[in-house]
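Here's the structure, in structure tokens; my notes come after.
Computed from heavy atoms alone, side chains included, the values below leave out hydrogens, waters and symmetry copies.
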Amino acid sequence: MSVLLRDVVLPLEPFTLDVSIDFSAPTTALYGPSGAGKTTVLELIAGLRRPRSGRIELHGRDVTTVPPRLRRVGYVPQDDALFPHMTVRQNIFYGARPAGNARVGEPVIDVLELAPLLERGVRQLSGGERKRVALARALLTQPELLLLDEPLSGVDLALRDRVLQYLQAVRTEFPIPTIYVTHQLEEVQAICEEMVVLERGKVVERRKVL
């Protein structure tokens, strides 16, 4: 899937987001310092925000005013947004396609090694485990596009390499076009084919990742 933001403008504080970006690589990093507008770009693509002006296209389809549930986008926010009153299993299968089919989740559960956690409450999980659960839930919606907002934030330094390995396994086993927000260059080099650099709401650089 190609993702195109064309002349997208949205006033923020203390700057205005003003971007035109064509996301066409299998995995593209949206890279830059905190507060550069990276999360806002994901929220615009997911439909959680609407631009003041401009156009957002997914696979050639104008989705600028299409509600989030109709965009077929899997979004994993920084805070993972798990339901605290549900078990891991219930979180993973919330919104799964097709609904009620437990077998659809087996490959995802296997790749992310979640089987031992399925009956736990999410309050019992470590930061890395929560990230894996949130990623599994997004994958089971069978998205056409995956948005990952700093998926290693909140993960202990000692566990980051392990979680990064899970992300690499997901990229291999489930080749879904992905936009990956980070401000860590080592994550870009490990996961992404291309990098778009954002500063104060503007694209300042775009390059291939070697």
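Checked by atom type and distance alone, the side chain of Lys38 pairs as donor or acceptor with a backbone atom of Pro33 at under 3.5 Å. Put simply, the side chain of Arg123 gets close to the backbone of Pro84: a donor and an acceptor are under 3.5 Å apart. Looking at Thr178, its side chain never comes within 3.5 Å of a backbone N or O of Tyr180 through a donor-acceptor pair. Judged by distance alone, with hydrogens and angles left aside, the side-chain atoms of Arg171 form a donor-acceptor pair with the main-chain N or O of Ile191 at under 3.5 Å. Side-chain atoms of Asp80 never come within 3.5 Å of backbone atoms of Lys131 as a donor-acceptor pair (strictly under, hydrogens ignored).
Residues Val8 and Val63 are members of one and the same hydrophobic cluster, defined by side-chain heavy-atom contacts under 4.5 angstrom among Ile, Leu, Val, Met, Phe, Trp and Tyr. Hydrophobic clustering (ILVMFWY, side-chain heavy atoms < 4.5 Å, transitive): Val66 and Val73 are in one cluster. Note on Ile21 and Ile45: same hydrophobic cluster, where clusters join Ile, Leu, Val, Met, Phe, Trp and Tyr whose side-chain heavy atoms are under 4.5 Å apart, directly or indirectly. Cluster annotation: Val196 is not connected to Val204 through the hydrophobic network of ILVMFWY side chains, with a link wherever side-chain heavy atoms come within less than 4.5 Å. A continuous path of Ile, Leu, Val, Met, Phe, Trp and Tyr side chains, each step under 4.5 Å between heavy atoms, connects Val76 with Leu117, placing both in one hydrophobic cluster.
Take Val111 and apply the side chain to side chain contact (heavy atoms under 4.5 Å, CB included) test, not counting sequence neighbours, and it matches Ala169, Val170, Glu173, Phe174. The side chain to side chain donor-acceptor pair (under 3.5 Å) test applied to Gln165 returns Arg162, not counting sequence neighbours. Among residues two or more places apart in sequence or in another chain, the side chain to side chain donor-acceptor pair (under 3.5 Å) test is passed with Glu43 by Arg49. Taking the salt bridge (Lys or Arg N to Asp or Glu O under 4.0 Å) definition, one finds that Asp149 meets it with nothing, sequence neighbours left out. For Pro116, the side chain to side chain contact (heavy atoms under 4.5 Å, CB included) test picks out no residue, with sequence neighbours left out. Residues that satisfy the ring-ring contact (aromatic ring centres under 6.0 Å, His included) test with Phe15, not counting sequence neighbours, are absent from this structure. Remark: Pro26 engages Glu193 in a side chain to side chain contact (heavy atoms under 4.5 Å, CB included) (not counting sequence neighbours). Under the rule for a side chain to side chain donor-acceptor pair (under 3.5 Å), Asp161 has no partner lying at least two apart in sequence or in another chain. For the side chain to side chain contact (heavy atoms under 4.5 Å, CB included) test, residues two or more places apart in sequence or in another chain that qualify with Thr64 are Pro51, Arg55, Ile56, Asp62. Taking Glu119 as the reference, Arg89 meet the salt bridge (Lys or Arg N to Asp or Glu O under 4.0 Å) condition, with sequence neighbours excluded. Partners of Glu205 by side chain to side chain donor-acceptor pair (under 3.5 Å), not counting sequence neighbours, listed by chain and number: Arg207.
A side chain to side chain contact (heavy atoms under 4.5 Å, CB included) with Tyr75 is found for exactly one of Ile179, Leu145, Leu147, namely Leu147.
Counting only heavy atoms from C-beta outward, the side chains of Val188 and Thr182 approach each other to under 4.5 Å. Leu167 places a side-chain heavy atom less than 4.5 Å from the side chain of Pro151. Counting heavy atoms from C-beta outward, Val203 and Ser20 have side chains that stay 4.5 Å or more apart. Counting only heavy atoms from C-beta outward, the side chains of Val122 and Arg130 approach each other to under 4.5 Å. For the pair Ile92/Val133, a side-chain contact is recorded, criterion being any heavy-atom separation below 4.5 Å from C-beta on. Contact check for Leu5 versus Val3: side-chain heavy atoms found under the 4.5 Å cut-off. Within the 4.5 Å cutoff, side-chain heavy atoms of Glu150 are placed close to those of His183. Between Thr39 and Gln78 there is a side-chain heavy-atom pair separated by less than 4.5 Å.
The two residues Arg71 and Leu44 make their nearest non-hydrogen contact at NH1-O, 3.0 Å. Nearest heavy atom pair, residue Leu70 against residue Arg61, reads O-NH2, 3.4 Å. In this structure, Leu164 and Ala190 approach most closely via the heavy-atom pair CD2-CB, 3.7 Å. Closest of all the heavy-atom pairs between Asn91 and Phe83 is OD1-N, 2.8 Å. Gly74 and Pro143 make their closest contact through N-CB, 3.3 Å (heavy atoms, listed as atom of the first residue, atom of the second, distance). Gly128 and Val163 get closest at one heavy-atom pair: CA-CG2, 4.0 Å.
With rounding to the nearest 0.5 angstrom, the CD1 atom of Ile176 is 5.0 Å from the CG atom of Leu139. Going from atom CD of Glu113 over to atom CZ of Arg132 covers 6.5 Å, rounded to the nearest 0.5 Å. Residue Met195 holds its CE atom at 10.5 Å from CG of Leu30, rounded to the nearest 0.5 Å. Rounded to the nearest 0.5 Å, atoms CZ (Phe93) and CG (Leu140) are 6.0 Å apart. Between Arg50 atom CZ and Leu10 atom CG the span is 12.0 Å, to the nearest 0.5 Å. In this structure, CD in Gln90 is found 11.0 Å from CG in Leu118, a value given to the nearest 0.5 Å.
The salt bridge (Lys or Arg N to Asp or Glu O under 4.0 Å) contacts involving residues 16-36 comprise nothing, where partners must be two or more places apart or lie in separate chains.
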Please evaluate residues Glu187 and Arg160 with respect to the criterion side chain to side chain contact (heavy atoms under 4.5 Å, CB included), reporting the C-alpha separation (whole Å), side-chain torsions for both, the decisive distance (0.1 Å), and the verdict. CA-CA 10 Å; Glu187 294 177 36; Arg160 286 194 171 203; 4.0 Å; yes
What do the steps show when you test Arg137 against Leu82 for side chain to side chain contact (heavy atoms under 4.5 Å, CB included), and what is the final call? CA-CA 9 Å; Arg137 184 176 64 184; Leu82 299 179; 4.1 Å; yes
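Within a 6.0 Å radius of CZ in Arg206, other residues, nucleotides and ligands contribute more than 12 heavy atoms.
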